Structure formats: C-alpha cells, structure tokens
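Here's the structure, in structure tokens; my notes come after.
Order of the sequence lines sets the chain letters (A, B, ...), proteins ahead of strands, with each chain counted from 1. Here the structure is a predicted model, which means the values were calculated and not measured. Below, all heavy atoms of this structure are taken into account, side chains as well, without hydrogens, waters or symmetry copies.
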Amino acid sequence: MPTNSKETPRVRFAPSPTGYLHVGGARTALFNWLFARHFGGTLILRIEDTDFERSSEAMVEGILEGMRWLGLNWDEGPFFQSQRLELYRATAEKLLASGHAYYCFCTKEELEQRRAEAAAAGRPPMYDRRCRNIDRATAAARKAAGEACAVRFAVPEGGATSFEDAVFGKVEFANSEIEDFVLLRSDGIPTYHLSVVADDVEMRLTHIIRGADHISNTPKQVLQYRALGVETPIFAHVPLILGPDKTRLSKRHGATSVIAYKEMGIVPEAFRNFLALLGWTPGSAHKDREIFSSEELIELFGLDGISKSNAVFDNDKLAWFNTEYIRAYEAERLLPLAREEWQKADCEPTRPESEILAAIELLKPRARNLKDFAGAFRAYFSDEFEFDPAAVTKFLKDEHVRGLLGELAERYAAAEEFTEESTEQVLRGFAEEKGMKAGALINGSRVALTGQAVAPSLFAVMVNLGKERVVKRLAAVKGMVVEEPPA
RNA sequence: GGCGCUAUGGUGUAAUUGGUUAACACGCCGCCCUCUCAAGGCGGAGAGUUCGGGUUCGAUCCCCGAUAGCGCUACCA
C-alpha cells in the first residue's frame, strides 16, 4: 500500500468547461465527494480550462449549477487552471532543466503531415522524436532567436511504466508505446498532461478518482511524477457510463446533461442514489436494498466497491428511484419543489397551504416526477385546468352520465356532511336509485373533478377539493360538449 | 491498425473469494385487491455465468486463446 493512504485524503473533481455537467462527470464528482466525506477528507474543485477555444464561462456556471443541484459541495476552489499558468511553466522549466523534457520546433502542420504519412505507410502515428536530439545549446539559441517551440516530455526509450490502480489492479504500458507528448504548447499554454500533474502535485492530492477514459493517460502522468521526484497518488479509475445500446452515452440517448434531469422532474437525491449505484456496490451485506440516504452512501462508500466493467444508464430504474423518493418525502418537503413546477407552468395555486399540503400527500404516491404536480395534478391546485381528451371520451362521452353528474352535484350541494364516507354513500345511493353501476358515476366524477382518468381514491379527492369545488365541477360537465374523437 | 481495459438474465449488481437449485433490485408477464391508475400482496418467464481450451475430484471464480464492447492513440481534456 502506498504510504500516503494514511493521510486524510485530498481528492478533486476536475471538469473541463467545454460542456455542461454530464452524467459521467456527475458520477465522478459524486464518487469523489462520497470518498472525501467518508474519510473526512477534502474535495477540491478544479476547472480545467486550458483549452481556451472550447471553454466558456457559461459552461463553468452550468457545472457549478449541476453540482449544487446534486448537493455536492466542495471544500477548496473552484480553482481555474487558466489562472495558474505560472505554475505550469515553472513545472515545465523544472522538467527541462533536469533533462526530462526538451524543446520541439516541429510545427503543427509538419506534425500533421508526418502523421498522415505514417498512417498511410501503416506505421504508428507517434511523434518521431526528431527534436529530442537537438542539443540544448542550439535549442536554446533557436528559441532565443524567436523560433516557436513546444516543450515535450522525453519518455524513456526502453522498459515499461506501470501503476497500481485501486480498481483495476496493475496496469502496465511499454514505454515504446508512449510518445513524447507535449507539455507546453508553443503559445506557452500547458496541455492537459502537464497541468493535471502540476496541479495534482501542488494541491497535494492523495487519490485520483476519475473516469476510466484516463487509464491510457496515466503512464504519461506517472512518468512526470517520477521525473519530478514526487510520490504518485493512488489512482482509482471508474468505469464509464454507457447508453442503452452500450455505446458511449451521448445526446443520442436522450439527456446527457444533469440539469436536464432536474428539468424532467427528477429529485436530486433520487438521481444521486441512482448514480451512486452505477459502477459501485455497497457489497453483498446490503444487496437486498437499493435506496440509500446520502449519509448511508457516505458511510458505505469505498474504492473497493467500484466495479471494473462499464455500466448502462437505465432510465427505467432512475424513474423507479424517483417515484420512491417522491413517495417517501414529507409533503412539506415536496411543496417547494412543486412550487417551482407551478411557476414554470404558470400555475398559481389559490388554495390555503394546508389544503395544498393535503393534496400533495394524497398525490405523491402516484407521482412519477415533479412535473406531474403542474401537469396531471394541476386540478388539485388550481381551478384552471384542462381536461385530458382521452379521459373525457372514455368516461364523459355519454350525455346521460353528464346529466346525472349534474344531478349528483345537487345532492352534494344539499348534503350537510362531506366526508369520504358520506360522499361515497351519497354517490352509491344515487347510482342505485338511477339503476346504474356506481363505477360509471365514479369514473365520470373523477374526470369531472380532476380532468384525468387517473387519480387517487375519488372520495378522498372530493374531501380534499371540498364541497363547493366538487359541486361546481360536477355541475359544469352537464353542459360540456364532447366531440367524437376523429376516427 | 497499435496499445490498454472489460465480459454473470434486457439493465444495475451479489455469489463467504474453487463446492449455492447462480441471489437481489429495476423492467417484463399473470393473479389478488379495486371506483381509475399507482402502490401493496402472491406467483412466473428470463442467465448455467461471451465462446473454446486447459488446471482441478470440482470451476462464475485460476491460466491460455478467441470474440465482442469500451477507452486511448492531438501543440483537446
């Protein structure tokens, strides 16, 4: 075991702001967060924005928004690599001075051409190291004369570079397979290879938990740690998240941005729980359970539970987590979340808060997502709601039924009591009197009251809505015009 | 193409690390409940562990090979 495992861990999430926070990044952030919290360590947020072409401030904000939504707080940062260029230049200097790096005067065009030639000839397209042999004095002179040059790392000619990955075990690469990669571009901006290690060293990171897509980059980093004479951190590569077709998750598969899930009405805790179990397992001791609070996740999390194979993002399972969380939430907790939805949907609930909470309580077992509160459940909160056409044709198409509902409204208007028992009694009695099945009136009432064919128990709905509203809505369907659906 | 990694029902994962009728959850199907839809209860289908070789009394588990998928292969990160 590396000795630094005994220190309190320092980990980081280091997204590059070339896009919003996507699910893979969110999962990496989550794992780092869980790890840090589990050990009482430190989570650092570092924005890797050295690609000025593709990075943007809006994306930085988007990433922070995603982190906040998921409830992933960090202890240090955010640091921006674009503001730490001196560190990278100094690190490059160090490598240059110790002979681990050299100036390369090849231009981008030359390199591209040679790569194409190599590919055509069936040779590996690696850099041919031609500038490595330029002696230092000449190189310095050319640079001093103003010739543009990059700085490349001098990869050892023979042997192999390996590291012990906390999830994959020993991973080894022949040095002959590693090219002399660029550390500093000719404009003085570091490449990822340099800035990661410079920062990871400077920030005293103990564990690097990141996507498995970085496995192949790791030997380049290990080489630099050695050249710099510093101990390597513990690497833990996390398998990737794939789409349902087992190809890399992309827009093709639907939402890839975390915020899109917020907009779909997913509860952040549900998303977090779902994400935590993608590529990680708390072990056989907990295999009979899938719902874990964040405290439990923190307590249970460990690198040894991370699996080696890629995981497929399953929307159905996410939906299940979401319904579980919504159902388990207190109405009070759901209220602000529902409010957001009402605002977005231009729905202004006019009822007293106690009634709104009661309605939420009634509805939450049937909610699939937060959007339902402003969509299918709108009639519980506002008197302005629409009728689902399918529900209408299914249960209110019959004019006779509509007429009976009008009559029923009068019965309710005259009723003194208005409880679940009494309302049911009235309806069933009325149905019997009219010689028809109660079901037809119940279903019709449901649509009249809620606009939907699906709802909680009708009489519970009536009590929640209140006598006045029930009477009004039942009476209103009498004059409803129902068009035959187009065949 | 080269290099690396991975491989248990449709999906996520278990399997005391060589001895189980291969387990759990999601999804799917059916039944019950019932005023609808969920939920809930009960039951079911679905993998013999990618394939082929070994090692072993015995392999999901160890070894080799093949195949497939993914990743990397930039003066992107």
Side-chain angles (χ1 to χ4, degrees), chain A residues 14-18 48-51 53-55 81 104 106-108 111-112 115 119 122-127 148-152 165 168-169 171-174 176-179 181-187 189-193 195-196 211-220 237 239-240 242 244 246-248 274 277-291 305 307-321 323 327 365-368 376 391 394-395 424 427-428 437-447 450 452-459:
Chain A
S16 108
T18 54
E48 307 214 324
D49 57 350
T50 52
D51 183 346
E53 300 278 298
R54 299 194 302 148
S55 300
Q81 291 193 322
C104 171
C106 301
T107 66
K108 212 168 177 176
L111 292 170
E112 252 164 57
R115 230 187 331 264
R123 292 194 315 269
M126 292 203 303
Y127 176 61
C149 65
V151 175
R152 283 184 187 269
D165 191 280
F168 288 96
V171 183
E172 185 175 71
F173 291 80
S176 59
E177 296 294 334
I178 307 170
E179 78 172 343
F181 51 97
V182 171
L183 295 167
L184 219 49
R185 300 138 140 146
S186 47
D187 60 3
I189 305 302
T191 63
Y192 163 76
H193 299 301
S195 56
V196 244
D213 48 342
H214 284 295
I215 288 179
S216 306
N217 290 326
T218 307
K220 292 179 182 148
H237 287 97
L240 303 180
L242 309 179
K246 302 203 177 191
T247 64
R248 192 174 200 164
F274 168 69
L277 263 21
L278 266 188
W280 173 75
T281 168
S284 51
H286 303 89
K287 70 171 206 147
D288 52 333
R289 219 159 44 108
E290 303 259 291
I291 303 286
S307 73
K308 292 200 251 260
S309 49
N310 295 338
V312 172
F313 189 96
D314 183 359
N315 271 302
D316 285 338
K317 189 134 188 185
L318 171 58
W320 175 77
F321 274 110
T323 57
R327 195 178 340 152
R366 287 168 174 79
R368 301 214 28 92
K394 195 169 174 192
F395 294 123
E424 177 159 12
L427 186 140
R428 290 193 188 276
K437 296 185 88 169
L441 290 180
I442 287 172
N443 289 329
S445 299
R446 177 176 296 107
V447 181
T450 69
Q452 303 289 320
V454 169
S457 168
L458 178 70
F459 305 105

Does a nitrogen or oxygen in the side chain of A:Arg115 sit under 4.0 Å from OP1 or OP2 of B:C75? yes
On a whole-Å scale, what distance lies between the C1' atoms belonging to B:G9 and B:A45? 10 Å
Establish, with yes or no, whether the OP1 or OP2 oxygen of B:A74 is under 4.0 angstrom from a side-chain nitrogen or oxygen of A:Arg185. no
Taking only the C1' atom of each, what is the distance from B:C72 to B:G65 in whole angstrom? 24 Å
Please list, pair by pair, any protein nitrogen or oxygen found under 3.5 Å from a nitrogen or oxygen in nucleotides 62-67 of chain B.
none

Would you mind telling me which of B:C75, B:G71, B:U13 lies closest to the side-chain atoms of A:Asp213? B:G71
Under 6.0 Å from the CD atom of A:Glu172, do we count more than 12 heavy atoms belonging to anything else shown? yes
Nearest-nucleotide wise, let me know which of A:Asp314 and A:Thr18 is further upstream toward the 5' end of RNA chain B. A:Asp314
note: A:Phe321, atom CZ; B:G27, atom C1'; distance rounded to Å ~ 13 Å
Below 4.0 angstrom from OP1 or OP2 of B:G69, is there any side-chain N or O of A:Thr247? no
Please determine whether a side-chain nitrogen of the Lys or Arg among A:Asp213 and A:Arg248 lies less than 4.0 Å from a carboxylate oxygen of the Asp or Glu. yes
Heavy atoms under 4.0 Å, any strand shown: does A:Ser16 hit a base, just sugar-phosphate, or nothing? sugar-phosphate
Sub-3.5 Å donor-acceptor pair from the side chain of A:Arg185 to the main-chain atoms of A:Pro190, do we have one? yes
For A:Arg248 and B:C72, is the shortest distance between a side-chain N/O and OP1 or OP2 below 4.0 Å? yes
Can a donor-acceptor pair be found, under 3.5 Å and without considering hydrogens, that links the side chain of A:Thr191 to the backbone of A:Val182? yes
What nucleic acid atoms does A:Cys106 come within less than 4.0 Å of, heavy atoms only: base, sugar-phosphate, or nothing? base
Would you indicate what A:Ser284 reaches in the nucleic acid, counting non-hydrogen atoms under 4.0 angstrom: base, sugar-phosphate, or nothing? sugar-phosphate
How far, in whole Å, is B:U60 from B:A15 if one measures between their P atoms? 15 Å
More than 12 heavy atoms of other residues, nucleotides or ligands under 6.0 Å from CZ of A:Arg368: yes or no? no
Closest heavy-atom pair, A:Pro17 versus A:Asp49, reported as atoms and distance to 0.1 Å, is CG-CB, 3.7 Å
When the distance from NZ of A:Lys220 to P of B:G71 is rounded to whole Å, what number comes out? 16 Å
In whole angstrom, give the distance that lies between atom CG of A:Leu242 and atom P of B:U6. 15 Å
Measure CH2/A:Trp320 against P/B:G12 and give the value in whole Å, please. 16 Å
In this structure, which stretches of RNA chain B are paired as stems of three or more consecutive Watson-Crick or G-U pairs, both distances less than 3.5 Å? B:1-7 with B:67-73, B:10-13 with B:23-26, B:28-32 with B:40-44, B:50-54 with B:62-66
Whole-Å P distance, B:G48 and B:A23: 14 Å
Between protein and nucleotides 28-39 of chain B, map the contacts as a letter string: B base, S sugar-phosphate only, - none, heavy atoms under 4.0 Å, written 5' to 3'. -------BBBBS
A:Ser309 and A:Ser307 side chains, donor-acceptor separation under 3.5 Å: no
Using a 4.0 Å heavy-atom cut-off across all strands, classify A:Thr323 as base, sugar-phosphate, or nothing. nothing
What does A:Asn217 touch in the nucleic acid at a heavy-atom separation under 4.0 angstrom: a base, only the sugar-phosphate, or nothing? base
Integer-rounded Å distance: B:G71 C1' and A:Glu177 CD: 15 Å
Close side-chain approach of A:Pro456 and A:Arg366, heavy atoms under 4.5 Å: yes
Side chain of A:Asp316 only, heavy atoms from C-beta on: which candidate in B:G27, B:C75, B:A77 is closest? B:G27
Would you mind classifying the nucleic acid contact of A:Gly211 as base, sugar-phosphate or nothing, using non-hydrogen atoms under 4.0 angstrom? nothing
Assign A:Glu179 to base, sugar-phosphate, or nothing according to its heavy-atom contacts below 4.0 angstrom with the strands shown. sugar-phosphate
Salt-bridge test for A:Lys108 and A:Glu112: reply yes if a basic N is under 4.0 Å from a carboxylate O, no otherwise. no
Atom NZ of A:Lys287 and atom C1' of B:A25: how far apart are they, to the nearest Å? 10 Å
Kindly confirm or rule out a cation-pi arrangement of A:Arg446 over A:Phe395, judged by NZ or CZ under 6.0 Å from the six-membered ring centre and within 45° of its axis? no
By nearest heavy atom, map A:Asp51 and A:Ala212 onto RNA chain B; which one lands nearer the 5' end? A:Ala212
Looking at B:G10, I'd like to know if its phosphate oxygens (OP1 or OP2) sit under 4.0 Å from a side-chain N or O belonging to A:Lys317. no
Among the candidates B:C5, B:G27, B:G12, find the nucleotide nearest to the side-chain atoms of A:Leu278. B:G12
Taking the side chain of A:Phe173 as its heavy atoms from C-beta onward, which of B:G4, B:G71, B:A74 lies nearest to it? B:G4
B:A14, B:U11, B:U6: which one has an atom nearest the side-chain heavy atoms of A:Val312? B:U11
To the nearest 0.5 Å, how far apart are CZ in A:Arg152 and CZ in A:Phe181? 10.5 Å
Whole-Å distance between B:G27 C1' and A:Glu290 CD? 12 Å
Does the base of B:C75 carry an N or O that pairs as donor and acceptor with the side chain of A:Thr191 under 3.5 Å? no
Answer with yes or no whether A:Asn310 presents, from its side chain, a donor or acceptor under 3.5 Å of a partner atom in the base of B:A7. no
Regarding A:Leu183, tell me which of base, sugar-phosphate or nothing describes its non-hydrogen contacts under 4.0 Å with the strands shown. nothing
Going by a 90° cut-off around 0, is B:U17 syn or anti? syn
On a heavy-atom basis, which atom in A:Val171 and which in A:Ile215 lie closest, and how many Å separate them? CG1-CG2, 4.1 Å
Mind checking if A:His237 touches a base, just sugar-phosphate, or nothing, with heavy atoms under 4.0 Å? nothing
Does one side chain, of A:Thr218 or A:His237, offer a donor that lies under 3.5 Å from an acceptor on the other? yes
In this structure, CG of A:Asp314 is separated from CZ of A:Phe321 (nearest 0.5 Å) by 10.0 Å
Please classify the glycosidic conformation of B:G48 as syn (within 90° of 0) or anti (everything else). syn
Could you give the distance separating B:G19 and B:C62 at their P atoms, to the nearest angstrom? 12 Å
Can you check the A:Leu277 CG to B:C26 P distance for me, whole Å? 12 Å
Taking only the P atom of each, what is the distance from B:G10 to B:U67 in whole angstrom? 23 Å
Using atom P in both nucleotides, what's the gap between B:U50 and B:C42 to the nearest angstrom? 32 Å
Could you check whether A:Glu172 gets within reach of a base, just the sugar-phosphate, or nothing at all, counting any heavy atom under 4.0 Å? sugar-phosphate
Please confirm whether the backbone N or O of A:Trp320 pairs with a side-chain atom of A:Thr323, one donor and one acceptor, at under 3.5 Å? yes
Does any N or O in the side chain of A:Glu179 come within less than 3.5 Å of the main-chain N or O of A:Tyr127, such that one atom is a donor and the other an acceptor? yes
Can you tell me how far C1' in B:A47 sits from the matching atom in B:A14, rounded to whole Å? 14 Å
